[in-house]
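This report refers to the structure that appears directly beneath it.
Remember, predicted model here, so these are calculated numbers, not experimental data. First the proteins, then the strands, lettered A, B, ... as listed; each starts at 1.
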There are 2 protein chains.
Amino acid sequence: MRFEAITIKDIAKALGLSTSTVSRALRDSYEISPETKEKVLLYAKENNYRPNPIALSLKEKRSSSIGVLVCEIANSFFSQAINGIESVAQEKGYNVIIAQSKDDFEKEISSLQYLASRSVDGILFSVSSETSDFSHVQHLHQRGMNLVSFDRVVDFADIHKVSVDNYKAAYEATTHFIKNGYTKIACIANASYLSITKERVGGYTAALKDHNIAVNPDNIFFCLHGGLVYEEIADIMFQAMNTKNKPDAILATSDKITTSVLRYCQQQNIAIPKQVGLVGFSNVELTDLLAPSLTVVKQPAYEMGRIAAELLIKQIESKRQIKDFEDVVLATELHQRASSEKKAKP
Amino acid sequence: MRFEAITIKDIAKALGLSTSTVSRALRDSYEISPETKEKVLLYAKENNYRPNPIALSLKEKRSSSIGVLVCEIANSFFSQAINGIESVAQEKGYNVIIAQSKDDFEKEISSLQYLASRSVDGILFSVSSETSDFSHVQHLHQRGMNLVSFDRVVDFADIHKVSVDNYKAAYEATTHFIKNGYTKIACIANASYLSITKERVGGYTAALKDHNIAVNPDNIFFCLHGGLVYEEIADIMFQAMNTKNKPDAILATSDKITTSVLRYCQQQNIAIPKQVGLVGFSNVELTDLLAPSLTVVKQPAYEMGRIAAELLIKQIESKRQIKDFEDVVLATELHQRASSEKKAKP
DNA sequence: ATTTATGCCGGTATCGTTTGCGTAAAATAA
DNA sequence: TTATTTTACGCAAACGATACCGGCATAAAT
């Protein structure tokens, strides 16, 4: 089955005109007489004429659609970001085409290739947690594809980037722990080569140092699957909580990691914050209602999506090659709640 | 800036052949000599040739893309459903184009119109909570657009539908309340004309009747915005909890309503389940970690997305007009947890 | 009366790809 | 040798829309 739409040719035939006349009448050209225009416009309206976007795309060499590559749609942060992207795209007349990498490097490459070959005008992407080599992105970039990197940004310069101040976010979260009396603070982070991981772990260690707390490498954990696999977190937690010098606080640097830590503690009857404090990066709307209510670092996901989409569309519609690439860094919010409340003096 | 791709014409020029020969060589036609084929294939591979999908779409009158219209992407249920849709689409070589209605009737109409005019091959949609009149969908359907209705389905027959057994889900949830000793069970539902609302309220009232509990119309509430506006729920809760015969349990029939009720109770210091029991429809992954852990009706969102996408693509690729429309109804899961635990005998 | 101007419109190429048809050269058959 | 078939390719139209170029009227200017 197929959806048959009326074309300019149909209108031309019906009114005994040429396609060029109809086209011009529809675009309100001065070369067409008012009477003809009226006839054409009326007929077009009556028959619900819409220009075929595919024909237009072929002619204009642009598709008015942008691709979005994220690791997982069903994730609060990314779905909020896509929400922002969609809202901008809608305003500017662009389609949003979605692809997921599922945090798999090979799938990221194929998805990116797929989006590019589907002739999108540009791509917004956040790299997978397995990605340490950016040559596939570089290659696409060199071939002239409009790209904007967001959240988990790439490490080369000539590209727009939109991210949050991960360093500061982790620094503040760690400092918050310290101020509340925690001293043995562990950090469970994403894959080690991710930009966000480096920055967050950097902020965490800097805060410790600034408060004269020794950084213990055994208290820094990395997970390749970013918490998508529960066992990964369970193993780390088991390892962390069964050392003689076990941590009294945990900084979880992603949504999934945070949830998994919480679930592990509940299963193992580890009291939060009594036995171990918890601060997590999370964009879930429900964290204030958790038991205990969770101290979270919240990212402005919707805003990131909007800004990234605006930068991309501006770049697409720019006549000349862009030389000045923006590196937008947004602030996070630390919501202080029960899971990291002040420690009772021993 | 634009992404310049190599075309068949470029290959033809480079090798001194005609475009038709190149085209046939690439499609491995018997009319082309092995030597020519090899030359063409090699050159195409070296220069990373990809057929232009837009040109193909124009020729084939199909775009290999499907539209998805949901009320809100940043919603657990819908993002999980989109996840399922994307996975099927990816397997079958289709793009997924996203649009949001934001539960606004006018935006639903324009988004649907937009998707149709962007020449998608078909549309998966869940109507907005404001939608009581389906004529815009009917109209699109009559014009031959491939449509599959999911979750909040339409009320006419000749269309594929994928939903859950809302009646049974609400019946079971209500029965669960009754078995645990609750008798004054209120129901806070979505907009009254939504299919899912009718079915859920139907299941709720049927369960009450089957257990010889009088149905009190004052205990059934409808919200037009489906909980997207917090005040809507706050008002309903205030009204419900300030009558002389106030409910001892609440059945919340959507994700947002559930969360809002929970938040209201926390703010007003209403103890769950002591003062009022709560069961909610929710697909959030964290409900077991809430305070108290929440009894939920969970929908197979991913599965729904997959099935709906499969039906749509099958319909798109079917040669003849489809006469037999499926009405797939999936089962929900009731996760019994603390928020609805057995009432202490008074 | 002839030229010039102007209003109004049609023909055709173009975007990239596929495909039916035509045909020269080579291979086979008579 | 001539006739016929096969092989291997090119030409051109088509998909829908746009835009350049060109041309025919009628009206105004010389």
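A salt bridge links A:Lys102 with A:Glu72: the closest approach of a Lys/Arg side-chain nitrogen to an acidic carboxylate oxygen falls below 4.0 angstrom. By the 4.0 Å N-to-carboxylate-O rule, A:Asp103 lies close enough to A:Arg152 to be salt-bridged with it. Ion pairing between A:Glu310 and A:Arg306 holds under the 4.0 Å rule for side-chain N and carboxylate O.
Between D:dC11, D:dT18, C:dT18, one nucleotide has an atom nearer to the side chain of A:Lys59 than all others, and that is D:dT18. Checking C:dC8, D:dG16, C:dG16 against every side-chain atom of B:Asn52, the shortest atom distance belongs to C:dG16.
Put simply, CG on A:Leu58 is 9 Å from C1' on D:dA17, counting in whole angstrom units. Put simply, CG on A:Leu15 is 17 Å from P on C:dC8, counting in whole angstrom units. Remark: P of C:dG11 and CG of A:Leu17 are 11 Å apart, rounded to the nearest angstrom. For the pair B:Arg62 CZ and C:dT18 P, the interatomic distance rounds to 14 Å; values are reported in whole Å.
Here A:Ser23 does not reach the OP1 or OP2 of D:dA19: none of its side-chain N or O atoms lies under 4.0 Å away. Remark: A:Thr7 is not in phosphate contact with D:dG16, judged by side-chain N or O atoms under 4.0 Å from OP1 or OP2. Note on B:Lys9: a side-chain N or O is less than 4.0 Å away from OP1 or OP2 of C:dC15. For D:dA17, one of the phosphate oxygens OP1 or OP2 lies less than 4.0 angstrom from a side-chain nitrogen or oxygen of A:Tyr49. Here A:Lys61 reaches the OP1 or OP2 of C:dG16: one of its side-chain N or O atoms lies under 4.0 Å away. Between B:Ser33 and D:dC9 there is a side-chain N or O to OP1 or OP2 distance below 4.0 Å.
Residue-level contact check: B:Arg27 touches the backbone only, with heavy atoms under 4.0 Å from sugar-phosphate atoms and none from bases.
When atom types are taken as modelled, the side chain of B:Lys37 and the backbone of B:Ser29 share a donor-acceptor pair closer than 3.5 angstrom. Distance alone, capped at 3.5 Å, is enough to place a donor-acceptor pair between the A:Glu130 side chain and the A:Phe105 backbone.
For a distance-only test at 3.5 Å, the side chain of A:Arg24 fails to qualify as a donor-acceptor partner of the base of C:dG7.
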